[in-house]
2 protein chains.
Amino acid sequence: MDIKQTMDVRTLCLGALMGSEATGYEIRKMFEDGTFSHFQIASLGSIYPALTKLTQDGMVTFVEREQENRPDKKVYQLTSEGRRTFLRTLLQTRPGEDRYRSDILFMLTFAEELPVELTEALIDEFAARHEMTQIQIDPENPEKDNCPLAHGRDENGAPSPGCRFVAGLGQAMCEATLDFIRRNKDGLIEELRTRKDKKT
Amino acid sequence: MDIKQTMDVRTLCLGALMGSEATGYEIRKMFEDGTFSHFQIASLGSIYPALTKLTQDGMVTFVEREQENRPDKKVYQLTSEGRRTFLRTLLQTRPGEDRYRSDILFMLTFAEELPVELTEALIDEFAARHEMTQIQIDPENPEKDNCPLAHGRDENGAPSPGCRFVAGLGQAMCEATLDFIRRNKDGLIEELRTRKDKKT
DNA sequence: GTTAGACTATATCAGTTCGATATATGTAGA
DNA sequence: TCTACATATATCGAACTGATATAGTCTAAC
């Protein structure tokens, strides 16, 4: 029995279907805007092949659903085999390292070589994106309305403890980021300006 | 002139060489443990081909350096063309979205389905990893000694303002994460236990 | 003393994943 | 009317990861 080293897209799809049935498109939304958006990623180009493979392996089944004024859907659902496999995977997987990747922070590393206006714009963009994320994350309030977003809610629609914990953590990280920027942006900009003045 | 949407490994390598000459192995270390470790990733499997390509394109040159008691190195260095290209890329690139990926948080999302001991172990592991990261990040104190880690330091060895800002942000994020865990772990574990009791 | 594991160093490659694109249809706004 | 955007699936080249191979050294354990 081999122990997985990281979560592949197949496993992520099984997890996404734990909460409710969904189409490939909806699964992507869970990773793009929904429940998993701030800590996992999966693109359509990997989700669709994964669902095909999972169907072949008997982990999921799908029902083709015709829609008025919309293209047809394939609504996927976990089989009991799929559910068992997913839970077994959770138990047997040594979770991979966290990986955070930020082009903006990489660029800011070279702030001294950049026009000060660009640096400022980058920081503002960074803050704006984190504000957006913070709003998206909140498991209580948002669910704007339509969201099918599935997963992690009990009969009453309340999010599960695990989900609340993870969402809270995400919000705390966003808050810390925004707070840091509030406290340090002006200082950095000023320092960069004085350095540039000295040089000329 | 096409506007890049994300930083590819070639660009990352140019950035890594902005601070000083380095071998492929050392560049990887910058992304693994060093300056860039908490917000960018690049593996050897992509770094070496990137350096080969950059050499062909005249962006970098290398000197083969024989070593006593060690395999030979190729020490890479930016050309002025490479330097110019990198700075132009910074100006012309629309930075890609931040992407954070965490297997542990994904797993914790399903805490209710997991043995409580596993949940607790996952949280502890998560905390431990962030403590490690926090130590690695600090640009002032650590630099244990040997670190060639290059980049972002002036003549006196002081880190550049941009680097200090980014490092500080990284530390703030780690701190917020650890703080959140300190404040919420026990509550979660307790809630999970009571839920399990109710079920049986 | 020798052996296993870790570190330095480069290189390659299969498999996975991303990002872009194609196709089809509908709605909303300019 | 035209553009942009949303729903929905599917495919594919390009990029990247992770594992593996090679090769030599150093150190700590046994």
Side-chain angles (χ1 to χ4, degrees), chain A residues 2-13 21-34 40-55 62-76 93-94 96-99 101 103 144-149, chain B residues 2-13 21-34 40-55 62-76 94 96-97 99 101 103 144-149:
Chain A
D2 40 34
I3 289 180
K4 277 202 193 182
Q5 284 297 313
T6 41
M7 298 282 164
D8 55 21
V9 176
R10 272 200 296 290
T11 307
L12 295 181
C13 286
E21 54 172 37
T23 66
Y25 190 77
E26 285 167 341
I27 291 175
R28 194 214 48 173
K29 283 186 76 184
M30 294 185 211
F31 290 102
E32 199 90 334
D33 325 303
Q40 280 294 351
I41 306 131
S43 67
L44 285 174
S46 54
I47 290 171
Y48 284 117
L51 288 172
T52 306
K53 186 84 196 323
L54 287 169
T55 307
F62 68 89
V63 184
E64 214 137 349
R65 202 165 293 171
E66 287 173 46
Q67 298 187 107
E68 293 167 40
N69 306 340
R70 285 260 160 262
D72 291 3
K73 302 175 172 186
K74 287 182 184 174
V75 181
Y76 289 88
T93 300
R94 170 85 221 281
E97 293 265 319
D98 283 26
R99 18 186 71 253
R101 175 161 186 159
D103 283 359
K144 310 168 179 180
D145 27 41
N146 43 8
C147 280
L149 54 55
Chain B
D2 39 35
I3 288 180
K4 276 203 193 180
Q5 284 298 316
T6 40
M7 298 281 165
D8 55 21
V9 176
R10 272 199 297 290
T11 306
L12 296 181
C13 285
E21 53 173 36
T23 66
Y25 190 76
E26 285 167 341
I27 291 175
R28 194 215 48 173
K29 281 185 77 184
M30 294 184 210
F31 290 102
E32 199 91 333
D33 327 302
Q40 280 293 353
I41 307 131
S43 67
L44 284 175
S46 54
I47 289 172
Y48 284 117
L51 288 172
T52 305
K53 187 82 196 324
L54 287 169
T55 306
F62 67 89
V63 184
E64 215 135 351
R65 201 166 293 172
E66 287 174 47
Q67 299 187 107
E68 293 167 40
N69 308 338
R70 283 259 162 264
D72 291 4
K73 299 176 172 186
K74 287 182 184 175
V75 182
Y76 289 87
R94 169 89 221 280
E97 293 265 317
R99 17 186 73 252
R101 176 164 183 155
D103 284 358
K144 308 166 181 181
D145 27 41
N146 43 6
C147 281
L149 55 54

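Values reported hereafter were calculated over all heavy atoms of this structure, with side chains retained and with hydrogens, waters and symmetry mates removed. Convention: sequence-line order gives letters A, B, ...; per-chain numbering from 1.
Nucleic acid contact for B:R99: sugar-phosphate only, since backbone atoms but no base atoms lie under 4.0 Å from a heavy atom of the residue.
The distance from atom CD of A:E32 to atom P of D:dA8 is 15 Å, rounded to the nearest whole Å. B:R28 places its CZ atom 11 Å from the P atom of C:dT10, with the value rounded to the nearest Å. Distance, A:R65 CZ to D:dT9 C1': 16 Å, rounded to whole Å. Rounded to whole Å, atom C1' of C:dA24 lies 11 Å from atom CG of A:D72. For the pair A:F62 CZ and D:dA10 C1', the interatomic distance rounds to 13 Å; values are reported in whole Å. In this structure, A:L44 atom CG and D:dC12 atom P are separated by 16 Å, rounded to whole Å. For B:K74 and C:dA9, the NZ to C1' distance is 11 Å, given to the nearest whole Å. To the nearest angstrom, P of D:dT9 lies 9 Å from CD of A:E64.
From B:M30, atom CE reaches atom CG of B:L12 across 11.5 Å, with rounding to the nearest 0.5 Å. Atom CD of residue B:Q40 and atom CZ of residue A:R99 lie 11.0 Å apart, to the nearest 0.5 angstrom. Atom NZ of A:K74 sits about 7.5 Å away from atom OG1 of A:T55, to the nearest 0.5 Å. To the nearest 0.5 Å, atom OG1 of residue B:T6 and atom CZ of residue B:R94 are 11.5 Å apart. Of the inter-residue distances, the one linking B:E97 atom CD with A:E32 atom CD reads 8.0 Å to the nearest 0.5 angstrom. Annotation: the span from A:K29 atom NZ to A:E26 atom CD amounts to 7.5 Å, rounded to 0.5 Å.
At least one side-chain nitrogen or oxygen of B:T23 sits closer than 4.0 Å to the OP1 or OP2 atom of C:dT10. When the side-chain nitrogen and oxygen atoms of A:Y25 are compared with OP1 and OP2 of D:dT9, none of them lie within a distance under 4.0 Å. Applying the 4.0 Å criterion to OP1 and OP2 of C:dT8, one finds that B:K29 has a side-chain N or O inside that range. Within the structure, every side-chain polar atom (N or O) of B:T52 is placed at least 4.0 Å from both OP1 and OP2 of C:dA11.
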Which side-chain N or O atoms in residues 43-50 of chain A pair as donor and acceptor under 3.5 Å with protein atoms at least two apart or in another chain?
unit_1: A:S46; atom_1: OG; unit_2: A:S43; atom_2: O; d: 2.9

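Across the interface with DNA chain D, nearest-nucleotide mapping of A:T6 and A:Y48 shows A:Y48 to be the residue nearer the 5′ end. With DNA chain C read from its 5' end, the first of the two nearest nucleotides for A:I47 and B:K73 is the one closest to B:K73.
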Report all interatomic pairs (protein N or O, nucleotide N or O of nucleotides 13-16 of chain D) with separations under 3.5 Å.
unit_1: D:dC16; atom_1: OP1; unit_2: B:V9; atom_2: N; d: 3.3

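Electrostatic pairing of B:E21 and B:K73 does not count as a salt bridge here, judged by no charged N lying under 4.0 Å from a carboxylate O.
For the pair A:R28 and A:Y25, the distance from NZ or CZ to the six-membered ring centre is under 6.0 Å and the angle to the ring normal is within 45 degrees.
Within 6.0 Å of CD in A:E66 there are 12 or fewer heavy atoms belonging to other residues, nucleotides or ligands.
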5'-to-3' dot-bracket of DNA chain D (Watson-Crick, G-U; under 3.5 angstrom; crossing pairs as [ ]; | other strand):
||||||||||||||||||||||||||||||

